[in-house]
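The sequence lines fix the lettering, A, B, ..., with proteins before strands; numbering per chain opens at 1.
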Number of protein chains: 2
Amino acid sequence: MSKDPRGNRHAHLNRDSIARAALAVVDRDGSEALSLRKVAAELGVGTMTLYHYVPSREALVADIVALLVVEMDLTISSGLSWRDGAKQVGRSLRAMALRHPRAFALVAAAASDKPPLLDFARRLRDFYVALGAPIEAFVEVWSVLDAFETGFLLLETQAVMRRSTAPHDELDQGTSELADRMPATLSEAAYEEGLEIIVGGLERRLL
Amino acid sequence: MSKDPRGNRHAHLNRDSIARAALAVVDRDGSEALSLRKVAAELGVGTMTLYHYVPSREALVADIVALLVVEMDLTISSGLSWRDGAKQVGRSLRAMALRHPRAFALVAAAASDKPPLLDFARRLRDFYVALGAPIEAFVEVWSVLDAFETGFLLLETQAVMRRSTAPHDELDQGTSELADRMPATLSEAAYEEGLEIIVGGLERRLL
DNA sequence: ACCTGAACACCGTTCAAGT
DNA sequence: ACCTGAACACCGTTCAAGT
């Protein structure tokens, strides 16, 4: 290991690069296979070196969630309505989930009152306010819409992961039929349908 | 340990009693604290004894989910409409989630194409069919409604668990305000509102 | 100053041995 | 036949020591 001018043995190592390596591990091996030891090995450093940048495994997971959440598109194109803005966010979340199906469970399980998701919620609130949505309604709108999106994408990413592994053999007929219809249902069309129902309902009721 | 007539040293031990002990551990210590070793200690048996009844930790978690899912109320009172049936199921799921806030994450993360949840999906389909809902629409209705309910209750059970621990001190003002308004929003009223929006929207669109 | 191996207290699970 | 301790291959994390 060569030393950089400041004496760091690993100049490429920092909180961000560690989070990216961790996300790569999750994308490849699944979220339950994430371990500090594996991430350290991936980066070619000793396990304990990571503790100089990240205080705990929990913090590392939060960093991964932060990395995923910045991928979301909250840009405001001119003339964007509140309805279309909400749908744009929903589609952007789905695109992120499908880019990282094995990591999405971490987003769904992340605490909504702490930095990575709470910061995102703030960005989202500013987005809605900029679109002219009444701020009082924000938390209501966000919770109902976000609940649907998280729940749906949790199901859809599960289905995506299943598709790339084994089929259902051992199950009886009636049950299998139901299971086999799920992949088709957990689709872009169903998601758009859900978005339309909820965005339409919220508008009629709150705005 | 005394022996029963059949020679079993632990007559009270079976897959169901193990699942109940495991659920008790999760309700008390949280889902991430679940371990076979702890459940065995709770039951006063050696860790390896559990393997004669449950094949793996994964199966034990599935058994816990099955235990939770049978708590749901799918009884059909006479004259029940499809709309009210859907709401009854939604309220029953919420009641279950609030009875087991620390265990609900296991339900949300459970595979929807395997026995515990798939069996429940079948019961649910029969319930909707009995209420006169068109069977073709079932998977669509179920996925949109279930997505909202799972997502919402994941947020609400998180908030419930937070309430029984520390408050938010270290966060800056604007962010805290947002976080502080969440508990009030993740309430029965918001859940009912979401149910009404979605059930109404689905009826208008599919039925 | 910066990094890290050894060690500790946990896991799930296999296997061979206890009664 | 029924049960289980010891052991293995993993964890996250502490602490004391390496350069």
Sorted by number, residues from residues 18-30 of chain B placing a heavy atom under 4.0 Å from DNA chain D are none
Using the side-chain contact (heavy atoms from CB on, under 4.5 Å) criterion, which residues pair with B/L80? Sequence neighbours excluded. B/S77, B/D84, B/Q88, B/F127, B/L131
When the distance from CG of A/L13 to P of C/dC2 is rounded to whole Å, what number comes out? 13 Å
Applying salt bridge (charged side-chain N to carboxylate O under 4.0 Å, His left out) as the test, list every pair that has at least one member in residues 147-159 of chain B; sequence neighbours left out. B/R94-B/E156
Could I get the full list of side-chain contact (heavy atoms from CB on, under 4.5 Å) partners for B/A109, not counting sequence neighbours? none
What residue pairs, at least two apart or across chains, pass salt bridge (charged side-chain N to carboxylate O under 4.0 Å, His left out) with a residue in residues 17-31 of chain A? A/D16-A/R20, A/R28-A/E42, A/D29-A/K38
For A/R123, give me all partners under side chain to side chain donor-acceptor pair (under 3.5 Å), at least two apart in sequence or on another chain. none
Sort and list the pairs that fulfil side chain to side chain donor-acceptor pair (under 3.5 Å) and have at least one residue in residues 64-75 of chain A, not counting sequence neighbours. A/E71-A/R99, A/E71-A/H100, A/D73-A/T75
Counterpart residues, side-chain contact (heavy atoms from CB on, under 4.5 Å), relative to B/M48 (two or more places apart): B/Y51
In which stems does DNA chain C show up, taking only runs of three or more Watson-Crick or G-U wobble pairs whose two distances fall under 3.5 Å? C:4-8 with D:12-16, C:12-16 with D:4-8
Please enumerate all residues that pass side-chain contact (heavy atoms from CB on, under 4.5 Å) together with B/A19, with sequence neighbours excluded. B/D63, B/L67
Please enumerate all residues that pass salt bridge (Lys or Arg N to Asp or Glu O under 4.0 Å) together with B/E188, with sequence neighbours excluded. none
N/O to N/O distances under 3.5 Å, protein versus nucleotides 8-12 of chain D:
unit_1: D/dC11; atom_1: OP1; unit_2: A/S35; atom_2: OG; d: 3.4
unit_1: D/dG12; atom_1: OP1; unit_2: A/L36; atom_2: N; d: 3.2
unit_1: D/dG12; atom_1: OP1; unit_2: A/R57; atom_2: NH1; d: 3.3
unit_1: D/dG12; atom_1: OP2; unit_2: A/L36; atom_2: N; d: 3.2
unit_1: D/dG12; atom_1: N7; unit_2: A/R37; atom_2: NH1; d: 2.3
unit_1: D/dG12; atom_1: O6; unit_2: A/R37; atom_2: NH1; d: 3.2

